[in-house]
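The model shown is predicted, which means the values in this text are computed figures rather than measured ones. Order of the sequence lines sets the chain letters (A, B, ...), proteins ahead of strands, with each chain counted from 1.
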Amino acid sequence: MIILNVIRVYAGYFFLIIGSLFLFLGPLGILRFPDVYNRLQAGTKSTTLGAISALFGIGLLEPGWLGKIVILILFILLTNPVSSHAIGRSAYRSKVPLCGKSVVDKCEEEHIYKEAK
Amino acid sequence: MIDYILIPLVLVMFASAISVIFIKDLIVAVIVTAVVDLITVVLFFFLQAPDVAITQASIVVGLTTFIFVVAIMRTTRKEEE
Amino acid sequence: MNEIFRTTIIQISIWVAVAGVILALIRGLIGPTPADRVVAIDSMTTVATVIIALFAHLFKRFIYLDVALVFGLLAFITVLIIARCLERRMI
Amino acid sequence: MRHIFALIVVGTLGLGLFYTLSHIPFGKGLSEVSKYYVENAIDKNDPHAGATNIVTDIVVLYRGFDTLGEVTVLFLAATGLSVFFFGLKKKEYTCEPSLIVKRGTGIIFPFILLLGVYIFVHGHLTPGGGFPGGVIIATGVLLIYLCCRDYKAPHSLFKVIEGSMGTLFVIVGLIGLIVGGSFLFNFLGAGKTGELVSAGIIPILYIVIGLKVGAELSGLVKDTMEDV
């Protein structure tokens, strides 16, 4: 039983460190990537993973908090993809150009947002 | 040790609050103002005033931005020289 | 001993996350288009939610998590308002 | 030139705030008023007590009359804004939100309503209270307006809720005046501290304030979104 407790606490520390590392790497990607669409990848995916991991680490360290932590994780899982989709769509519709190294633009090829022009 | 966390947060607030003055595009000014309010919530929370923080978060995050954006959309977006 | 270890780990996590906030702020200030800045503020809100939860764990107050709940759910609306507005049609 | 002027104004304000606030000793000891609050707000025999959250005790039981004034100010502001937007020309919108935004908002909206109700029902136990809860509910209505162009909010329902809740606030205060001799007297007693049904009239007042603020700000959002 004591061993289980020790494993739980150290797993909590592990998730906490991993999560905060990803919370640092996501904004670093936002700073370094060349255009909006690449920055969207770094900013949303990495930050979502980091947030979920760090919150889960807190939940492991304090087992009584796990219920509210799970609700918080659920909110982040629900809201982050929707907002990133909205940003990407609005950026494409307000005609933000792709960076020079991009090779394919499927929306342009298939005329998905043609009516927006 | 952890008290020094206030220094980078206040510097972030300071930089964004000064840059709001010099921004021509008003939508961008609204976005940077939202950054200032966001850090304010964290500061209130750190000073152990969760009631103020929760009120600030709920009002600033939704309604203030909304009213600013509505006002900008009814007028012009770029500031004139 | 154990308590010191715990607070050290959490303080290191908070410092790393605040470094992330500062990096996102730099992009938010220099970003060429408004969409870049919206991306920066989107990730900043997520990081700030986690920072609030970490502070709650540092102070050992369960009820402080309510602030993180409100913040995490409502910060999405700011991003949605500005994103809908940037589509050149009003909201 | 204008920017420099704005910078000077902001800098002066900031320095003044800094010098004022740096003389206040935060967390170093209590003033006379704070001592009175801390000693009396936890005492179970005092009728001015019962909440786990001392801030709630102070806001509702000691300063309840101020809250009535705040709600009145909010009502005046909402009325003024709706008058301001009345009669302006409507613009044409061609842009539909995408499927993901529509469905995602439909999933998130009930959670926002539930969070708002949680915040103001648990106002005496956790941080928060009537005002943030009402604002969160109004934000949910705003979210629906953002993703559905055809949505019409029930304006008459908002009016009915707002008026009846304002009346109920005054009625609760007047009952306190009759029973205990002062406006907003806590006539239900303190109860057992820490339970959901405790702290006398604080939960009633917070539910009233939450519904009233929510209805008012939802009406404001409705006026703004349907006219703009």
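- Using cut-offs of 30° and 60° on the angle between ring planes, the pair A/Trp65 and C/His57 is perpendicular.
- Chain C forms more heavy-atom pairs under 4.5 Å with one residue of A/Ile69, A/Leu78, A/Leu31, A/Leu61 than with any other, namely A/Leu31.
- Residues A/Thr79 and C/Leu73 have side chains in contact (heavy-atom distance under 4.5 Å, counting atoms from C-beta outward).
- Contact annotation for C/Val79: only side-chain heavy atoms (C-beta onward) come within less than 4.5 Å of a heavy atom of chain A.
- Using a 4.5 Å cut-off between heavy atoms, C/Leu69 contacts chain A through both its backbone and its side chain.
- Heavy atoms of A/Leu55 lying under 4.5 Å from chain C belong exclusively to its side chain.
- Counting heavy-atom pairs closer than 4.5 Å to chain A, the top-ranked of the candidates C/Ala83, C/Ala75, C/Ala17 is C/Ala83.
- Annotation: side chain of A/Asn80 is in contact with side chain of C/Asp42 (closest heavy-atom distance under 4.5 Å).
- Annotation: side-chain contact (heavy atoms from CB on, under 4.5 Å) contacts of A/Ala91 (sequence neighbours excluded): A/Val36, A/Tyr37, A/Val96, C/Ala35.
- Within a 6.0 Å sphere centred on CZ of C/Arg61, heavy atoms belonging to other residues, nucleotides or ligands number 12 at most.
- Heavy atoms of C/Thr33 lying under 4.5 Å from chain A belong exclusively to its side chain.
- Note: C/Gly20 leads C/Ala40, C/Ala68, C/Gly20 in heavy-atom pairs under 4.5 Å with chain A.
- Summarising the geometry, atom CG belonging to C/Asp36 is positioned 4.0 Å from atom CZ belonging to A/Arg39; distances are rounded to the nearest 0.5 Å.
- Within residues 47-54 of chain A, the residues having any heavy atom less than 4.5 Å from a heavy atom of chain C are, in residue-number order, A/Thr47, A/Ala51, A/Ala54.
- For the pair A/Leu16 and C/Leu54, the minimum side-chain heavy-atom distance is below 4.5 Å.
- With a 6.0 Å radius and a threshold of 12 heavy atoms from other residues, nucleotides or ligands, C/Phe55 has its CZ atom above the threshold.
- Within the model, atoms CD1 of A/Ile30 and CZ of C/Arg37 stand 13.5 Å from one another, a figure rounded to the nearest 0.5 Å.
- Ring-plane geometry between C/Phe5 and A/Tyr13 is classed as perpendicular, the angle between the planes exceeding 60 degrees on a 0 to 90 degree scale with a lower cut at 30.
- Distance check, rounded to the nearest 0.5 Å: CZ of A/Arg89 to CZ of C/Arg84 gives 7.0 Å.
- Atom CD1 of C/Ile22 and atom CZ of A/Phe24 lie 10.0 Å apart (nearest 0.5 Å).
- Interface remark: of the candidates C/Ile14, C/Val38, C/Thr45, C/Leu65, C/Leu65 forms the most heavy-atom pairs closer than 4.5 Å to chain A.
- Taking each heavy atom of A/Pro27 and C/Ala24 in turn, the nearest pair found is CB-N, 3.8 Å.
- Between A/Glu62 and C/Phe62, the closest side-chain pair of non-hydrogen atoms is not below 4.5 Å.
- Rounded to the nearest 0.5 Å, atoms CD1 (C/Ile10) and OG (A/Ser20) are 11.0 Å apart.
- For A/Phe56, the CZ atom is loosely surrounded, since the number of other residues' heavy atoms within 6.0 Å does not exceed 12.
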